[in-house]
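To keep things clear, I will list the structure first and then write my remarks on it.
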Amino acid sequence: MKIETILAPNPGPFTLDGTRTYVLDGTAVIDPGPDIASHVEAILAAAPNLRTILITHRHADHSPAAVPLKQRCHARIFAPANTLADEVVDRRIHGGEHLDLSGIPLEVIATPGHTNEHVCFLSADGDLFTGDTILGSGTTAIFPPDGDMGDYLLSLQLLRSKSPRRIFPAHGPTRDDAVALIDEYIAHRLDREAQIVAALRGRAATIPELRRTIYPELDPRLEWAAEVQLLAHLIKLVGEGRVGREGEEYKTVS
Ligand SMILES: [Zn+2]
């Protein structure tokens, strides 16, 4: 399978250098990205016989270009629940399905966590298209209540169980060390969780206190996002009965 990468011109703190749209054998596209005219033209140039548009999740840096692409070449849109309007989606896809796109077999893997509807796609060669579940560098953001840290860790373990060979993320470079990268992602979240528990056993009780302890020199633009990540971990810890909450204050249960 020939995989071509088209980088969208939407760089930012969460999109890294932009959304990576993948064109498979010139006939299928994964995560068409934002509706930016030059990006849509670049996809059409790389995929003159585009038949299928696949989407990992509903976010605006992944799904909107599906609509102008479909208008231009009548490709079918395959998307999970809550992604684009029902009128434009040709088929809702679910974890466990095996798609055959004109000779390209792809397994759909449900990976809730970043968002509830998120899916990844695995090729027969072990190429895993991870959307925002795994990025090529850095970590992904989990925003509750749609994002769920407990689900996210289970999704990472499910992806690891598939023993992928390469990872094609929606942001950041392709990675040849797929299983090692997934292990790093799991370890990073468990380390963060351990830091939170240790900070709560120390002087921190509120989310801003945890943020100052755990992310002491953070870019101020990312402070709110860091606090939401902490909240995502705390929701998991409270759900597991390991941390208790009273108003704005959290403490470990022991
Ligand atoms: Zn996203």
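Remember, it's 1-based here, ligands and their atoms both numbered in the order they're listed.
In this structure, the side chain of D127 does not engage the main chain of I167 through any donor-acceptor pair within 3.5 Å.
Here D132 reaches the Zn ion (ligand 1): one of its N/O/S atoms is less than 2.8 Å from the metal. H62 lies apart from the Zn ion (ligand 1) in this respect, since none of its N, O or S atoms is found at a distance under 2.8 Å. Inclusion of H118 in the first shell of the Zn ion (ligand 1) is not supported: no N, O or S atom falls under 2.8 Å.
Residues that satisfy the side-chain hydrogen bond (donor to acceptor under 3.5 Å, both in side chains) test with H171, not counting sequence neighbours, are D61, H62, D132. Partners of H59 under the ring pair (Phe, Tyr, Trp, His ring centres under 6.0 Å) rule, at least two apart in sequence or in another chain, are H57, H114.
The pair R72-E41 counts as a salt bridge, with a side-chain nitrogen and a carboxylate oxygen less than 4.0 angstrom apart.
When you scan the N, O or S atoms of H59 for the one nearest the Zn ion (ligand 1), you land on ND1.
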